[in-house]
Student: 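The structure follows.
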Amino acid sequence: MTLSEQEIIRRESLQQLYELGINPFPSNTYEVNVNTSEILEKFPTDETLFQDVSIAGRIMSRRIMGAASFVELQDSVGRIQLYIKRDDICPGEDKTCYNTVFKKLLDIGDIIGVRGFVFITKMGEITIHVKELKLLAKSLHPLPIVKEKEDQIYDAFTDPEQRYRQRYVDLIVNPWIKDTFIRRAQLIGSMRNFLNSKGYLEVETPILQPLYGGASARPFKTYHNTLDTTLYLRIANELYLKRLIVGGFDGVFEFAKDFRNEGMSRFHNPEFTQMELYVAFKDYNWMMELVEEMIEKIAIDLNGSAKVQVGEYIIDFKRPWKRYTMYEVIQHFTGVDISNMDEEELRNTAQTLKVPLTPAMAKGKIIDEIFGEYCEPNLIQPTFITDYPIEMSPLAKKHVSKPGLVERFEAIVNGKELCNSFSELNDPIDQRERFEAQLELGRRGDEESMVLDEDFLRALEYGMPPTAGLGVGIDRLTMIMTNTASIQDVIFFPQMRPEK
RNA sequence: GAUUCUGUAGCUCAGCAGGUAGAGCACAUCCCUUUUAAGGAUGGGGUCUUGGGUUCGAAUCCCAACAGGAUCACCA
């Protein structure tokens with residue numbers, strides 16, 4: 001490892017601190033009695049407050065002027081200026097503490113604790129007049145220096161690669177990005193509270209699975225030594241949650257990390273978070289009501305309003321949302337009624353509409369392509385699309401009255417799928433046939449077709465009540481609720497190629 | 001995977017008629033007891049991502065590799 005000049009200097013400073021008897025990495029707790037935002041908020045209304053504060057944080061800038069200095073200190077919630085005067089932090093004859101330790105051996109990035117009192121400088125800035133200063137952790141790696149004045153940012157740390165690889169640096173120098181992640185946590189909290197209040201049970205199911213199921217996707221494969229067996233990282237937890245419904249729970253949900261061995265983009269990370277919910281004795285119509293209620297509540301919890309700014313649009317999550325069947329929405333955007341077409345007619349229609357097809361595409365897939373091309377991008381406000389072709393939905397129950405369709409809906413927001421739901425297929429004979437159709441697709445080379453899960457079928461054979469199921473992409477919901485364009489900005493550590 | 005752009009000091013960037021590597025911040029030394037993106041002065045710091053090629057000579061031109069961005073494709 002070759003060190004830069006600045007890194008060498010910091011290591012030398014470290015050595016000198018040891019020689020002065022100062023531990024640069026003390027293990028003691030440091031008692032803090034206030035944070036920066038509290039001071040900045042309350043001091044202007046009452047200047048008798050904060051006359052003995054103890055606060056800790058990271059040095060973000062220093063302005064040294066002889067025997068007095070100003071330091072910007074950043075803690076978890078903000079920044080405040082410190083005023084450090086030589087004779088105050090070194091009351092006796094020995095001025096080492098200021099002249100050597102503070103001026104020479106401390107650096108931007110060091111973590112310190114200070115005690116003192118709050119006052120306002122001639123320039124009108126709320127400042128802590130420091131009486132005691134203690135080094136809490138030495139920083140050996142120079143930080144990028146970002147400065148700002150009146151919304152002008154100088155030397156911004158914006159390189160996406162560095163920001164994602166070194167998220168810790170990103171969080172230090174661009175602290176406002178914390179907000180997105182705090183809101184993500186609030187979103188999950190809000191959803192969890194909602195589901196708990198309905199009486200559903202939060203559960204955990206296996207991530208390492210002998211068979212992957214519950215979605216159409218290529219899995220990650222791994223190996224267990226003791227069992228001498230191949231295991232897969234789950235692509236969904238659907239089949240396990242349904243086993244729990246068979247076991248007698250009325251409602252179960254899980255915030256699940258799922259893993260799909262597919263491409264990456266600003267909407268796709270190989271591992272992502274999905275909330276799946278299964279409720280017994282309900283169907284997809286009931287589930288639509290629940291989704292509206294839940295998402296509206298989350299929007300209000302996060303933004304104080306059901307209206308959320310997303311890019312150039314204001315999206316209103318207020319109930320009720322618009323509902324169209326798949327056939328209706330295609331007719332609406334293309335003017336063509338495809339509800340009674342056979343595969344041949346559909347293929348011709350797609351050709352007329354200039355939707356690219358491959359010979360392998362069957363009826364369901366063609367419909368999906370037309371929908372994806374003409375409808376989905378235009379559905380900005382929350383919209384339920386219902387009643388999907390059966391070929392696309394091997395785990396969904398056949399529609400009670402419409403042949404060839406299943407009882408399924410997706411909610412589309414901002415031109416993207418937000419969630420997916422159906423009345424769960426609980427007929428084990430039908431389910432076996434659907435699995436076998438999937439196996440046939442697999443034999444024809446579809447790498448994303450489902451595999452047959454005998455144990456799941458056995459569970460269904462014991463009897464599963466009619467059940468409504470739901471999957472909500474948490475990363476994408478966070479993107480919408482925080483007006484974020486890229487999934488990498490709502491995941492702390494998005495997947496990257498290994499660093500060389 | 002396709003197209004396209006990018007890779008120069010710790011950070012942000014300039015330099016690309018091919019001719020001794022630049023700026024600001026950061027860093028170091030000195031001066032300064034209420035400054036504020038940057039107090040003043042002086043100074044140090046770079047295998048110009050890597051490997052080939054063209055050339056008397058390459059950060060600069062060409063080829064390839066590596067890494068990243070953007071758009072598209074793939075992706076319920």
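Side-chain atoms are counted along with the backbone in the values below, which use heavy atoms only and exclude waters and symmetry mates. Order of the sequence lines fixes the chain letters, A, B, ..., with proteins taken first and strands second; residue numbering starts at 1 for each chain.
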Student: Taking any heavy-atom pair under 4.0 Å as a contact, classify A:Q488: base, sugar-phosphate, or nothing.
Tutor: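 Result for A:Q488 = sugar-phosphate.
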
Student: Applying a 3.5 Å limit to both distances, which nucleotide forms a Watson-Crick or G-U wobble pair with B:U47?
Tutor: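 B:U47 is paired with nothing.
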
Student: Would you mind telling me which of A:R58, A:K138, A:R62, A:K134 makes a salt bridge (Lys or Arg N to Asp or Glu O under 4.0 Å) with A:D110?
Tutor: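 Per the salt bridge (Lys or Arg N to Asp or Glu O under 4.0 Å) rule, the option paired with A:D110 is A:K138, out of A:R58, A:K138, A:R62, A:K134.
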
Student: Using the P atom as the point on both nucleotides, what is the distance between B:A73 and B:U3, in whole Å?
Tutor: 15 Å

Student: Is the phosphate of B:U12, meaning OP1 or OP2, less than 4.0 Å from a side-chain N or O of A:Q162?
Tutor: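 For A:Q162, the contact criterion (side-chain N or O under 4.0 Å from OP1 or OP2 of B:U12) is met.
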
Student: Any donor-acceptor pair, under 3.5 Å, between the side chain of A:D155 and the base of B:G24, if you only look at N and O atoms?
Tutor: yes

Student: What interatomic distance, in whole Å, is found between P of B:A17 and the corresponding atom of B:U34?
Tutor: 50 Å

Student: When every nucleotide of nucleotides 27-36 of chain B is labelled 5' to 3' by its protein contacts under 4.0 Å (heavy atoms), B for base, S for sugar-phosphate only, - for none, what sequence of letters results?
Tutor: SSSS-BBBBB

Student: Partner of B:U36 by Watson-Crick or G-U wobble geometry, both contacts under 3.5 Å, or none?
Tutor: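 Base-paired to nothing in any strand shown.
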
Student: Distance between the C1' atoms of B:C27 and B:G69, in whole angstroms?
Tutor: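 The same atom, C1', in both gives a distance of 30 Å.
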
Student: Hey, are A:Q15 and A:R10 close enough side-chain-wise for a donor-acceptor pair under 3.5 Å?
Tutor: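 There is no such pair between these side chains.
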
Student: Classify the nucleic acid contact of A:G214 as base, sugar-phosphate or nothing, counting any heavy atom under 4.0 Å across all strands shown.
Tutor: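 The answer is base, as A:G214 lies within the cut-off (heavy atoms under 4.0 Å) of a base atom.
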
Student: Which whole-number value in Å describes the distance from A:R497 CZ to B:C66 C1'?
Tutor: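 So the two atoms are 9 Å apart, to the nearest Å.
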
Student: What integer number of Å spans the C1' atoms of B:A64 and B:U54?
Tutor: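 It comes out at 15 Å once rounded to the nearest Å.
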
Student: Does any part of the side chain of A:V53, heavy atoms only, come nearer than 4.5 Å to the side chain of A:R115, both counted from C-beta?
Tutor: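 Of all side-chain heavy-atom pairs linking A:V53 with A:R115, none is under 4.5 Å.
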
Student: Rounding to the closest angstrom, what is the interatomic distance between B:G10 and B:C30 at atom P?
Tutor: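 Comparing P positions in B:G10 and B:C30 gives a spacing of 24 Å.
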
Student: Sequence neighbours left out, what pairs pass salt bridge (Lys or Arg N to Asp or Glu O under 4.0 Å) with at least one residue falling in residues 93-105 of chain A?
Tutor: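 Non-adjacent pairs meeting salt bridge (Lys or Arg N to Asp or Glu O under 4.0 Å): A:D87-A:K95.
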
Student: Are any side-chain N or O atoms of A:E448 and backbone N or O atoms of A:A217, one a donor and one an acceptor, separated by less than 3.5 Å?
Tutor: no

Student: Take atom C1' in B:A59 and the same atom in B:U47, then report the distance between them in whole Å.
Tutor: 12 Å

Student: Look through every strand shown and name the nucleotide pairing with B:U42 as Watson-Crick or G-U wobble, where both distances are under 3.5 Å.
Tutor: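 Pair assignment: B:U42 / B:A28.
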
Student: Given atom CG of A:D159 and atom C1' of B:G10, what is their separation to the nearest angstrom?
Tutor: 14 Å

Student: Please measure how far the P atom in B:G53 lies from the corresponding atom in B:A58, and state the result in whole Å.
Tutor: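 Rounded to whole Å, the distance is 11 Å.
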
Student: Using Watson-Crick or G-U wobble geometry with both distances below 3.5 Å, tell me the partner of B:A17, or none.
Tutor: none

Student: Considering just the side-chain nitrogens and oxygens of A:K147, establish if one lies under 4.0 Å of OP1 or OP2 belonging to B:G24.
Tutor: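 No, outside the criterion.
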
Student: Sticking with atom P, work out how far B:A38 lies from B:C25, rounded to a whole angstrom.
Tutor: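 It works out to 10 Å between them.
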
Student: Do the two ring centres, one from A:F333 and one from A:Y374, sit under 6.0 Å apart?
Tutor: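 That pair fails the under 6.0 Å test.
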
Student: Is there a Watson-Crick or G-U wobble partner for B:U55 with both distances under 3.5 Å, and if so, which one is it?
Tutor: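 Base partner found: none.
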
Student: Are any of the side-chain nitrogens in A:D155 or A:K147 under 4.0 Å away from the carboxylate oxygens of its partner?
Tutor: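 Judged by the 4.0 Å cut-off on N to carboxylate O distance, A:D155 and A:K147 do not form a salt bridge.
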
Student: Hey, is A:D430 close enough to A:R434 for a salt bridge, meaning N to O under 4.0 Å?
Tutor: yes

Student: Provide the Watson-Crick or G-U wobble partner of B:U71, both distances under 3.5 Å; none if there is no partner.
Tutor: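 Checking every strand shown, B:U71 finds its partner in B:A2, with both distances under 3.5 Å.
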
